[in-house]
Asker: 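Supplied in structure tokens, the structure appears directly below.
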Amino acid sequence: MTDASLNSPAASGPSQSLHKLDARTKKRNAAEARFEAYGLVAILIGLFFLAVLAFAIVRSGLPAFTKTVLDVEMNVSQQDFDAAESQLFKTKAYAGLFSKSLQAQLTEQGVTAPFDDAAIERIAGKVGGTIREFYRENPGQLGQPVSFELAAASRVDGYFNGRVTRDTLTESRFLMLSDLDLADALKEAGIVRNAFDWNFITGADSGVDNPGGAGIGASVVGSFFMMLVVLVLSLPIGVAASIYLEEFAPQNRITDLIEVNISNLAAVPSIVFGILGLAVFIQFMHLPQSAPLVGGLVLTLMTLPTIIISTRAALKAVPPSIRDAALGVGASKMQAVFHHVLPLAMPGILTGTIIGLAQALGETAPLLLIGMVGFVARGYPDGFLQGFVEPNSAMPAQIYTWAARADVSFYDKAWGGIIILLLFLLTMNIIAIILRRRFERRW
Amino acid sequence: MPVFWLIVIVLAIAAAGYFLGRARALSSAGGDIRKLHSLPSYYAWNVAMKVVVPAVGLLIVWLLVQPLYVNNAASRMIPDTQITQGSSRNLMMAEVRRAAEGLDNAVAAGAIDERFARNARADFNDVTQRLKDAGQIVTATITQPVLRAAQRYRVLSATGRMIMAGAVIALALAGLLLGLKESHADFRARNVVEKGIRWLLIAAASIAVLTTIGILLSLIFNTVEFFRLYPARDFFFGTSWAPSFSGRGGSSDLGVIPLLWGTFYISIVALAVAVPIGLFAAVYLSEYASPRIRAVAKPMIEVLAGIPTIVYGLFALLTVGPLLLSVFGDDGLGWMKAGTAVMTAGLVMGIMLIPFVSSLSDDIINAVPQAMRDGSYGLGATKSETIKQVVLPAALPGIVGAILLAASRAIGETMIVVLGAGAAARLSLNPFEAMTTVTAKIVSQLTGDADFASPEALVAFALGMTLFVLTLGLNIFALYIVRKYREQYE
């Protein structure tokens with residue numbers, strides 16, 4: 001394509017061969033190539049951001065699933081036990097016993113590293129108390145070799161994860177540079193190793209001072225109860241509302257009002273729903289703060305528009321001939337809808353519901369306002385019914401709590417929590433996709 | 001949880017009614033199903049519905065109204081003279097509720113007996129001590145009138161609950177009897193049931209309207225309350241945001257301008273990232289990409305929209321912030337003081353918004369009829385010229401609508417700015433400085449310790465109102481543009 005006829009004088013005709021590109025054509029072709037390249041670059045930038053995000057999550061989140069432990073073999077005899085119990089500082093005596101065993105194990109491995117009791121305490125915490133506890137509860141183990149698995153301090157954990165480096169370490173009473181030499185020596189001797197931290201998955205939140213003991217389990221339970229409330233309320237209400245609007249509603253102003261309302265509610269910022277929950281459920285109705293019930297109610301109101309919009313689409317996709325056939329054989333309008341249209345639309349409805357639930361599961365902002373953040377979820381609810389009303393946290397709220405804490409060690413936990421949250425979301429979305437692929441009918 | 005058991009009882013009555021109604025209708029027809037007006041299950045559902053719907057309706061209304069009534073009754077017991085300086089009736093009532101709850105817990109734990117808890121002559125010192133012994137939280141402000149009101153509150157609540165349980169069960173049984181009486185062969189059960197279901201469907205559809213009304217009422221009431229304590233002029237035109245932390249001093253500056261500026265600045269940065277990338281991505285996906293690339297790239301980019309905002313918030317705080325700081329901070333160009341800044345939040349929010357812009361624009365570009373492209377090609381235009389001069393102008397209203405919707409998302413976004421933008425409200429042009437937004441301040445004003453009656457907490461509702469009006473306006477404007485300027489192709 002050229003525009004030779006446009007600019008050149010008509011009488012003289014093309015001055016060049018048509019097979020040879022003139023300057024303007026070249027320019028236009030270059031512009032064409034550039035434009036396509038811009039588009040490709042935009043796509044690549046989008047994918048690059050996605051990759052960076054995924055990389056950041058995995059790299060920063062994986063340390064949360066492991067903890068550094070010290071494996072120390074101890075053999076405490078009855079005499080040692082009696083001697084230690086008779087002393088004034090009993091745990092100190094046990095710490096001494098521990099140091100002795102550790103020294104023996106180091107020499108056995110052929111590693112030399114000088115250390116004192118204070119260094120042990122900085123690396124492994126108050127080991128004396130742990131050991132004393134164990135032997136007082138299991139006197140039968142006295143005189144036999146016992147293998148202790150002791151969790152290392154969070155700063156040592158950070159050193160092995162690369163969060164704390166020798167250059168950035170400021171020496172304090174929590175960790176000295178010499179401790180890092182000792183930690184390296186212990187690692188060389190095979191005493192320090194990385195273990196999978198089950199507590200992170202099953203445990204509850206710890207206080208501000210104990211990042212190592214924090215787990216996400218309790219808030220997973222809180223999220224579960226919230227999602228139960230959302231599912232039980234939003235699915236029937238959403239389906240009922242969509243059936244009315246799609247199948248029965250007369251074309252009038254009230255119907256119009258409801259429809260405009262729903263589409264606007266879908267675009268209201270989630271924090272506004274949090275304000276609604278705070279004002280109506282907590283200030284007005286005096287429902288318990290931080291309870292999954294309240295969180296579930298707020299998220300239900302937030303999810304309803306999503307579910308209604310996708311359910312209406314699913315109902316609309318069922319061809320009118322189905323309804324006509326049902327009406328033709330004598331069904332009432334209600335029967336046609338409930339016996340024929342609804343079952344055919346069910347896969348689409350369920351897909352929409354699961355996607356709505358996934359959205360609700362990751363929502364944080366409204367939960368901040370109804371008090372699911374300041375609360376430290378230290379344990380599981382006592383029973384099924386209590387699960388709804390007892391204060392608890394939820395996964396995203398727990399992640400926010402960790403991210404807002406001053407101690408840097410909690411950041412690992414926050415990233416780890418995000419991995420768990422994303423795993424849940426991924427599972428839900430995959431279920432939705434499978435549902436759609438397997439059951440959706442094209443008419 | 002007596003409400004739970006009440007619901008179980010009502011459901012049990014309904015189940016019984018289901019089978020009884022069915023059996024009664026059948027027997028009235030002599031066991032011949034053809035003599036019934038409707039199918040037997042409609043008679044059954046008729047009874048069940050008459051049991052459940054009024055009973056549960058009454059339960060819900062009662063649960064809503066009773067606290068109001070009890071609160072009022074207890075509140076009347078506290079004379080105005082007893083309200084201490086610097087306190088309010090609301091605070092006193094919170095105290096009353098707390099005391100009542102403490103008494104409840106103590107009775108449940110067996111620390112004090114019911115008679116003592118109700119004893120109208122009990123001395124508040126004695127009760128306080130007993131409550132403390134029972135491990136209940138008791139504040140210093142518990143006084144004789146508060147204790148009396150708390151006792152009254154307990155008694156009224158307990159009787160209210162009793163009456164409610166009785167009334168709900170009685171209503172369920174009445175419904176059962178009525179339904180059973182109707183269960184006769186000539187009764188038009190299907191029509192009645194279908195009418196009932198239709199009303200239930202309407203009720204479900206109106207919940208969306210109720211939600212909007214709830215949002216508006218809770219925002220308006222508290223905003224009006226706020227403007228009673230703080231002049232509206234200072235709120236809308238004040239250029240300084242400095243809430244006092246002491247709780248109820250008049251020394252707070254609560255001007256919304258710095259917050260709005262932060263909100264707009266961050267949104268503009270976000271849109272500056274999202275709009276070019278999203279638009280070019282949409283053009284490439286709809287016009288250039290082969291079906292195979294499209295099948296992979298489109299869902300991948302849409303994954304960005306499915307990631308919860310808390311993840312983006314953390315990404316901004318812990319990855320993007322430090323990264324920007326290492327380039328623009330003191331080690332690099334020296335423009336940036338801390339990791340949290342307008343740039344950090346805006347950049348990450350932009351990433352989040354890419355799929356909003358690209359998906360919506362993609363749909364709109366695809367809706368432009370192929371004939372228009374073919375016409376342009378026929379005149380000798382290249383592909384990019386066609387896109388720039390034919391396709392995009394045709395799709396423009398829709399694209400503007402998509403951008404406006406993305407802007408409304410950006411303004412309402414909370415977690416990214418809470419974690420990534422910083423907490424200081426300031427009016428500045430430097431995008432590497434920390435600023436704060438309306439949403440971030442709603443969170444910080446309502447999650448602190450300030451009590452709900454203070455202007456420092458109530459301002460959050462005024463901010464919420466501002467946010468609601470802004471986003472609603474943007475959405476309506478977007479819809480208006482799309483409707484008004486959309487080219488109608490057959």
Asker: With chain B as the partner, which of A:P396, A:A397, A:G277, A:S332 has the greatest number of non-hydrogen pairs under 4.5 Å?
Answerer: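 Of the options given, most contacts go to A:S332.
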Asker: Quick check on B:N71 against chain A: is it the side chain, the backbone, both or neither that has a heavy atom closer than 4.5 Å?
Answerer: side chain
Asker: What part of A:Q335 lies closer than 4.5 angstrom to a heavy atom of chain B: side chain, backbone, both or neither?
Answerer: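 Answer is both: backbone and side chain atoms of A:Q335 are under 4.5 Å from chain B.
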Asker: Which bit of A:A56 comes within less than 4.5 Å of chain B, counting heavy atoms only: side chain, backbone, both or neither?
Answerer: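 When you check distances to chain B, only side chain atoms of A:A56 fall under 4.5 Å.
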Asker: Select one option (side chain, backbone, both, neither) describing which atoms of A:L421 are under 4.5 Å from chain B's heavy atoms.
Answerer: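 Looking at A:L421, just its side chain touches chain B.
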Asker: Most heavy-atom pairs under 4.5 angstrom with chain A, which of B:T439, B:V283, B:I197, B:V303?
Answerer: B:I197
Asker: Heavy-atom distances under 4.5 Å only: say whether A:L304 touches chain B with side chain, backbone, both or neither.
Answerer: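 Side chain of A:L304 only, per the 4.5 Å heavy-atom cut-off to chain B.
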Asker: Under a 4.5 Å heavy-atom cutoff, which of B:I215, B:L63, B:T471 has the most pairs with chain A?
Answerer: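 Among B:I215, B:L63, B:T471, the one with the most close pairs to chain A is B:I215.
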Asker: Side-chain contact, heavy-atom cut-off 4.5 Å: A:L368 with B:M415?
Answerer: yes
Asker: For residues A:A279 and B:N222, report the shortest heavy-atom separation together with the two atoms involved.
Answerer: CB-ND2, 4.1 Å
Asker: Could you tell me which non-hydrogen atom of A:A241 sits nearest to which non-hydrogen atom of B:A205, and how far apart they are?
Answerer: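 Nearest pair, atom of A:A241 first, then B:A205: CB-CA, 3.6 Å.
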Asker: Are A:Y38 and B:Y284, when compared by the centres of their aromatic rings, separated by less than 6.0 Å?
Answerer: no
Asker: Given a strict heavy-atom distance threshold of 4.5 Å, which part of A:I57 is in contact with chain B: side chain, backbone, both, or neither?
Answerer: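 Interface part for A:I57: side chain.
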Asker: Any idea which of A:I308, A:I254, A:L276 has the most non-hydrogen atom pairs under 4.5 angstrom with chain B?
Answerer: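 Among A:I308, A:I254, A:L276, the one with the most close pairs to chain B is A:L276.
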Asker: Can you confirm whether more than 12 heavy atoms, excluding those of B:F477, are under 6.0 Å from its CZ atom?
Answerer: no
Asker: Heavy atoms only, distances under 4.5 angstrom: which of A:A42, A:A414, A:S242, A:S263 has the most pairs with chain B? Name it, please.
Answerer: A:A42
Asker: Mind checking ring-ring contact (aromatic ring centres under 6.0 Å, His included) for B:F468 and listing every partner two or more places apart, or none if nothing turns up?
Answerer: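 Counting only residues at least two positions away or on another chain, B:F468 forms no ring-ring contact (aromatic ring centres under 6.0 Å, His included).
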Asker: With the side chain counted from C-beta on, respond yes when A:F273 and B:T211 share a heavy-atom pair under 4.5 Å apart, and no when they do not.
Answerer: yes
Asker: Identify which part of A:L278 has an atom lying under 4.5 Å from any heavy atom of chain B, answering side chain, backbone, both or neither.
Answerer: side chain
Asker: For B:A289, is it the side chain, the backbone, both, or neither that has a heavy atom closer than 4.5 Å to a heavy atom of chain A?
Answerer: neither
Asker: Does A:E32 come within less than 4.0 Å of B:K383, counting only side-chain N to carboxylate O?
Answerer: no
Asker: Please name the pair of heavy atoms, one in A:V280 and one in B:S218, separated by the smallest distance, quoted to 0.1 Å.
Answerer: CG2-CB, 4.5 Å
Asker: Which region of A:L265, side chain (C-beta onward) or backbone (N, CA, C, O), has a non-hydrogen atom less than 4.5 Å from a non-hydrogen atom of chain B, or is it both or neither?
Answerer: side chain
Asker: Which pair of heavy atoms, one from A:I43 and one from B:A297, lies closest together, and at what distance?
Answerer: CG2-CB, 4.1 Å
Asker: Is it the backbone or the side chain of B:F221 that comes under 4.5 Å from a heavy atom of chain A, or both, or neither?
Answerer: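 Interface part for B:F221: neither.
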Asker: Would you mind reporting whether A:L425 and B:P308 have side-chain heavy atoms less than 4.5 Å apart?
Answerer: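 Yes, their side chains come closer than 4.5 Å.
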Asker: Pick from A:I418, A:I45, A:V41: which one has the most heavy-atom pairs with chain B under 4.5 Å?
Answerer: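 Most pairs with chain B among the choices: A:I418.
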Asker: Against chain B, label A:I258 side chain, backbone, both or neither, depending on which of its atoms sit under 4.5 Å from a heavy atom there.
Answerer: both
Asker: Can you tell which of B:T414, B:I351, B:V209, B:T319 has the highest number of heavy-atom pairs within less than 4.5 Å of chain A?
Answerer: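 Going by pairs under 4.5 Å, I would pick B:I351.
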Asker: From A:F35 CZ over to B:E385 CD, what is the distance, rounded to the nearest 0.5 angstrom?
Answerer: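 Output value for this atom pair is 10.5 Å.
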Asker: Test side-chain contact (heavy atoms from CB on, under 4.5 Å) on B:I277 and A:F49; report intermediate values, then the result.
Answerer: CA-CA 11 Å; B:I277 296 178; A:F49 281 143; 4.3 Å; yes
Asker: If you count heavy-atom pairs within less than 4.5 Å of chain B, which of A:Y411, A:W415, A:F248 leads?
Answerer: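 Heavy-atom pair counts peak at A:W415.
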Asker: Which atoms of B:L210 come close to chain A, meaning under 4.5 Å heavy atom to heavy atom: side chain ones, backbone ones, both, or neither?
Answerer: neither
Asker: Mind checking the CG-CG spacing from B:L201 to A:L245? Nearest 0.5 Å is all I need.
Answerer: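 Spacing of CG (B:L201) from CG (A:L245) equals 9.5 Å.
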Asker: Does A:R312 CZ have over 12 foreign heavy atoms under 6.0 Å away?
Answerer: yes
Asker: Quick one, B:S384 with A:E36, criterion side chain to side chain donor-acceptor pair (under 3.5 Å). Give me CA distance, side-chain angles, the key distance, then yes/no.
Answerer: CA-CA 8 Å; B:S384 65; A:E36 187 174 351; over 6 Å; no
Asker: Any side-chain heavy-atom pair from A:L369 and B:I442 closer than 4.5 angstrom?
Answerer: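 In contact.
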Asker: Under 4.5 Å between any side-chain heavy atoms of A:V52 and B:F315, yes or no?
Answerer: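 Side-chain contact under 4.5 Å: yes.
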Asker: Write down the atom of A:L47, the atom of B:M300, and the distance for their closest heavy-atom approach.
Answerer: CD2-CB, 3.5 Å
Asker: State, yes or no, whether a side-chain contact exists between B:V418 and A:Y400 at a heavy-atom distance under 4.5 Å.
Answerer: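 Yes; the side chains approach each other to less than 4.5 Å.
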Asker: Does any backbone or side-chain atom of B:I202 lie under 4.5 Å from a heavy atom of chain A? Answer side chain, backbone, both or neither.
Answerer: both
Asker: Under 4.5 Å, counting heavy-atom pairs only, tell me which of B:L472, B:L285, B:T212, B:L64 racks up the most with chain A.
Answerer: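 So the answer, after comparing B:L472, B:L285, B:T212, B:L64, is B:T212.
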Asker: Less than 4.5 Å to any heavy atom of chain A: does that hold for the side chain of B:I293, its backbone, both, or neither?
Answerer: neither
Asker: So what's closer than 4.5 Å to chain B heavy atoms on A:L361: side chain, backbone, both or neither?
Answerer: neither
Asker: Please examine the side chains of A:I275 and B:F461, heavy atoms only from C-beta on, and report whether any two atoms are closer than 4.5 Å.
Answerer: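 Yes. Closest side-chain heavy atoms under 4.5 Å.
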Asker: Side chain, backbone, both or neither: which part of B:I310 has an atom under 4.5 Å from a heavy atom of chain A?
Answerer: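 For B:I310, backbone and side chain are both near chain A.
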Asker: Indicate yes or no: at least one non-hydrogen side-chain atom of B:I411 is less than 4.5 angstrom from one of A:P269.
Answerer: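 Answer no - side chains too far apart.
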Asker: Quick one: which of B:N475, B:V193, B:L314, B:L217 has the most heavy-atom pairs under 4.5 Å with chain A, could you say?
Answerer: B:L314
Asker: Pick from B:E194, B:K388, B:R190: which one has the most heavy-atom pairs with chain A under 4.5 Å?
Answerer: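 Highest number of pairs under 4.5 Å: B:E194.
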